[in-house]
Amino acid sequence: MEEETNTMGAAPIPLENSVEELSGVGEKRLLGLHHLSIFTIEDLLMKFPLRYSDLATKLPSETGDGEKVTFKGMVSSAPVLSRFGYKKTRLNFRLLVEHDNIAVTFFNQPWLQKKLDLEQEVAVYGTYEKSKQTLSGIKILLPDQVDEMEAIYPASKEIQQRTLKSLIEQALGKYQDDLVNLIPESIRAQYKLLSRKAMFFGMHFPQSLIEAQNARRTASFEEFFIFQMRMQLLKLMDQNHQGRAIVFDNPRLKAFIQTLPFELTDAQKKVVNEIVADMRRPKHMNRLLQGDVGSGKTVVAALAIYAAFTAGMQAALMAPTEILAQQHAKTLGDFFDPAEVRVELLTGSTKAAARRQILADLADGSIDLLIGTHALIQDDIVFHNLGLAIIDEQHRFGVKQRAKLREIGMNPDILAMTATPIPRTLAITSYGEMDISVIDQLPKGRQPIQTRWLRGNALEQVVKFILQQLETGAQAYVVTPLIEESEALDVQNAHAVYEELQKYFMPQYQVGLLHGRMNNQEKDAVMSQFKSNQFQVLVATTVIEVGVDVPNASVMMILDADRFGLAQLHQLRGRVGRGSRASYAFLIADPKTQFGIERMEAMTATTDGFVLAQKDLELRGAGDVLGRRQSGMPEFKIGDPVKDLLMMEAAQQSAMQVLDAPNWDQAPENKALAHYLSETMERYRNFD
Ligand code: ADP
Ligand code: MG
């Protein structure tokens with residue numbers, strides 16, 4: 001069935017029929033299927049086996065301890081049935097497999113006794129315990145069944161293996177002409193994939209393990225490919241949606257770069273080029289800028305803003321906290337000549353009169369750059385001509401706030417910045433609809449942060465070390481953990497540490513305290529006092545995690561460090577190592593689990609945020625790395641995007657290749673695919 005003759009247009013897709021169409025599916029069974037998330041014929045066919053009981057036989061000498069295996073041999077002792085406990089039985093016999101006489105036990109399958117005769121040839125599938133030469137039997141097969149592969153499904157109490165299997169068999173028979181290929185022929189040939197029909201048969205009724213593996217490979221690829229097609233279609237949709245070319249003045253931008261207090265790193269130059277080229281295009285920009293803490297994203301933002309400014313457009317920059325918004329206002333204010341670029345700050349604590357003035361100046365275009373917190377996305381804020389909206393530490397915002405930013409102004413170009421390194425695996429799936437720029441290099445002359453992991457009993461030594469550092473003029477952070485159950489406990493804990501350290505350091509050195517229960521003014525006051533070195537030690541909860549820059553602070557001690565995620569520890573650690581002093585991060589932790597130990601070791605082994613993110617991903621899984629709520633990580637039924645990254649990349653390439661061809665959806669080899677994606681396509685068309 002290579003040439004499909006499926007009906008096109010609005011014709012229904014038969015595989016979308018309800019499983020009710022199958023005989024033997026009544027109300028009760030239908031409900032049971034629904035509980036397994038099986039609604040349509042396609043859902044049923046996609047219910048792939050968890051595994052196959054691989055009945056290929058082995059010899060005991062080739063079998064490892066605890067391995068599931070099938071031994072073929074001769075029953076060498078009469079099976080003995082014994083009863084124990086309440087209704088429990090045990091059947092024992094010996095099986096001679098070449099030269100080994102294996103003791104076989106079956107629990108609670110008393111009927112097997114009648115099936116077995118002395119000196120009969122049988123195959124027994126079970127778990128082998130090597131040291132005792134025993135096989136804990138699961139299943140007995142007569143010799144002619146040994147070569148069969150048996151699919152094992154994730155069945156349920158309501159819908160058992162047998163039922164699922166026979167329904168699948170029925171569906172495959174009934175709908176085999178509807179199993180049209182979704183992956184275009186050329187791509188199937190390129191990656192040696194099976195036809196869709198062969199894929200389904202190979203998954204459910206393979207003749208060999210190889211066939212089953214090929215089927216699974218095809219199924220994974222198909223799943224990734226469909227996902228990528230949807231993603232790329234959405235991206236196209238987005239780009240075609242009212243984009244505006246921001247025609248900036250390149251010589252002026254270049255001249256501005258000359259006025260910066262430092263030379264851009266190669267990585268910064270590269271991403272600036274990517275960003276401004278994207279802005280100049282008449283399509284809508286939706287770009288993620290990734291760069292580790294301290295990689296210098298702010299200046300990149302400044303250049304994008306300046307480019308928009310030379311095109312006569314306004315820009316907005318939104319930051320997650322008031323401290324950070326203020327810091328940006330100061331930094332960017334210093335980059336720009338105030339006579340040329342007018343910068344204003346708008347936050348929750350901006351007074352009503354000042355706010356009114358800002359709104360008026362924004363609407364008539366006299367403000368060029370507005371920096372602020374989510375105060376920027378209030379409904380009454382109207383820009384004169386907003387060309388570019390930047391969101392800093394974008395992972396700190398909820399999905400709604402990010403969406404809202406896109407709605408201000410006339411659908412401005414979007415640049416989202418994040419210091420959370422996103423491993424390629426996640427980026428390709430979770431951020432597939434965005435273009436990504438990466439700053440993969442730190443500015444020259446940075447002191448690498450020396451990270452040590454120490455047990456709680458070394459605390460005093462570390463405090464002594466901090467004292468020595470203070471004597472050289474440095475400042476230090478002491479981070480107390482977030483206690484998940486209660487912010488009150490957190491604060492209490494931070495208070496206790498604060499008091500202890502005061503006793504230790506005062507009167508020579510001053511100690512400050514920063515925590516989440518303070519209001520914004522209080523926090524800002526503390527931060528600016530620390531910045532101006534009015535106190536030398538800052539005890540803080542994780543509120544300092546985001547973006548704050550105090551170059552003179554070069555030591556950090558993190559208490560109960562195993563309570564933090566790797567990404568968070570890395571962010572925290574990034575608060576030091578910002579100036580010319582040698583910098584240190586001390587992780588104090590007594591991890592109780594192997595996981596905890598591995599995490600601490602990973603932190604000391606590398607300062608590369610991407611490596612840590614990958615490690616975090618392996619240790620914790622995707623949802624947790626990005627924060628479950630906003631990860632947007634789609635679920636895959638068959639493929640594993642983390643393990644099968646290369647396949648995901650191939651699927652992405654393939655999808656782009658398909659979509660690059662003009663009128664791709666009219667090409668015969670793509671018709672079934674286009675039809676299958678018609679729902680996404682429908683939305684796509686409605687945008688034009
Ligand atoms: P992040 O990417 O974490 O937001 P910042 O933009 O805050 O990093 O930059 C961190 C520090 O590095 C700032 O003090 C900034 O002035 C400095 N910096 C940025 N780019 C360079 C560069 N090319 N050379 C030297 N210092 C730089
Ligand atoms: Mg930053």
Side-chain angles (χ1 to χ4, degrees), residues 253-254 256-275 287-306 315 317-336 343 369 371 373 390-397 415-422 436-449 475 477 527-528 530-532 542 544-554 556 567-581 583 585 607-610 612-613:
L253 182 61
K254 283 200 167 132
F256 176 62
I257 292 175
Q258 296 310 312
T259 69
L260 294 174
F262 43 71
E263 187 174 351
L264 296 178
T265 62
D266 289 343
Q268 284 170 323
K269 285 180 195 159
K270 179 193 73 182
V271 300
V272 168
N273 283 333
E274 287 167 2
I275 293 165
R287 187 170 283 273
L288 181 70
L289 174 61
Q290 278 185 58
D292 212 341
V293 272
S295 61
K297 293 182 290 295
T298 315
V299 67
V300 172
L303 293 170
I305 291 164
Y306 194 78
L317 171 65
M318 180 162 82
T321 64
E322 189 134 359
I323 304 179
L324 203 55
Q326 276 177 4
Q327 186 178 290
H328 278 319
K330 166 130 195 2
T331 313
L332 292 167
D334 288 347
F335 281 141
F336 299 127
V343 182
L369 167 63
I371 296 174
T373 53
I390 301 181
I391 178 168
D392 192 21
E393 311 287 352
Q394 65 98 30
H395 59 283
R396 279 306 187 104
F397 290 95
L415 180 65
M417 309 201 289
T418 183
T420 306
I422 300 160
I436 297 184
S437 291
V438 181
I439 308 183
D440 52 6
Q441 179 186 29
L442 295 180
K444 271 200 254 8
R446 281 284 163 76
Q447 296 272 359
I449 302 160
Q475 288 170 274
Y477 292 104
M527 262 340 278
S528 60
F530 187 55
K531 239 178 154 158
S532 59
T542 50
I544 56 153
E545 181 193 343
V546 166
V548 179
D549 202 15
V550 182
N552 193 45
S554 57
M556 175 174 284
Q568 204 176 13
L569 287 172
H570 185 64
Q571 289 282 317
L572 282 168
R573 170 169 71 178
R575 299 302 107 218
V576 297
R578 306 201 137 224
S580 50
R581 288 176 178 280
S583 297
T607 51
D608 184 328
F610 281 88
L612 285 172

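Ligands are counted one by one from 1 in listed order, and the atoms in each one are counted from 1 as well. What you see is a predicted model, and the numbers here were worked out from it, not measured in a lab.
- Of the candidates Lys269, Gln571, Lys297, Gln268, the one placing a heavy atom closest to atom 1 (P) of ligand 1 is Lys297.
- A donor-acceptor distance shorter than 3.5 angstrom exists from the side chain of Gln441 to the backbone of Ala267, with no hydrogens or angles considered.
- Contact annotation: Ser295 has at least one heavy atom less than 4.0 Å from an atom of ligand 1.
- Looking at every heavy atom in both residues, Gln475 comes nearest to Asn552 through OE1-ND2, 3.0 Å.
- Judged by the shortest distance from any of its heavy atoms, Gly294 lies inside the 4.0 Å radius around the atoms of ligand 1.
- Remark: side-chain polar atoms of Gln290 are not paired, donor with acceptor, to backbone N or O of Ile436 under 3.5 angstrom.
- Residue contacts with ligand 1: Gly296 is placed with a nitrogen or oxygen under 3.5 Å of a nitrogen or oxygen of the ligand (distance criterion only).
- Crowding of Lys330 atom NZ: a count of heavy atoms from other residues, nucleotides or ligands under 6.0 Å not exceeding 12.
- Judged by distance alone, the side chain of Thr321 and the main-chain N or O of Ala319 form no donor-acceptor pair under 3.5 Å.
- Pro320 approaches Glu393 most closely through the heavy-atom pair CG-CB, 3.8 Å.
- Looking at Lys270, its side chain never comes within 3.5 Å of a backbone N or O of Ser437 through a donor-acceptor pair.
- The Thr298 neighbourhood of ligand 1 comprises atoms 4 (O), 5 (P), 6 (O), 7 (O), with distances under 4.0 Å to a heavy atom of that residue.
- Comparing Pro261, Pro551, Pro443 against atom 27 (C) of ligand 1, the shortest heavy-atom distance belongs to Pro443.
- Listed by number with element, the atoms of ligand 1 under 4.0 angstrom from any heavy atom of Leu264 are 23 (N).
- Ligand 1 places these atoms under 4.0 Å from at least one heavy atom of Glu263: 22 (C), 23 (N), 24 (N).
- If you number the atoms of ligand 1 from 1 as listed, the ones under 4.0 Å from a heavy atom of Thr265 come out as 23 (N).
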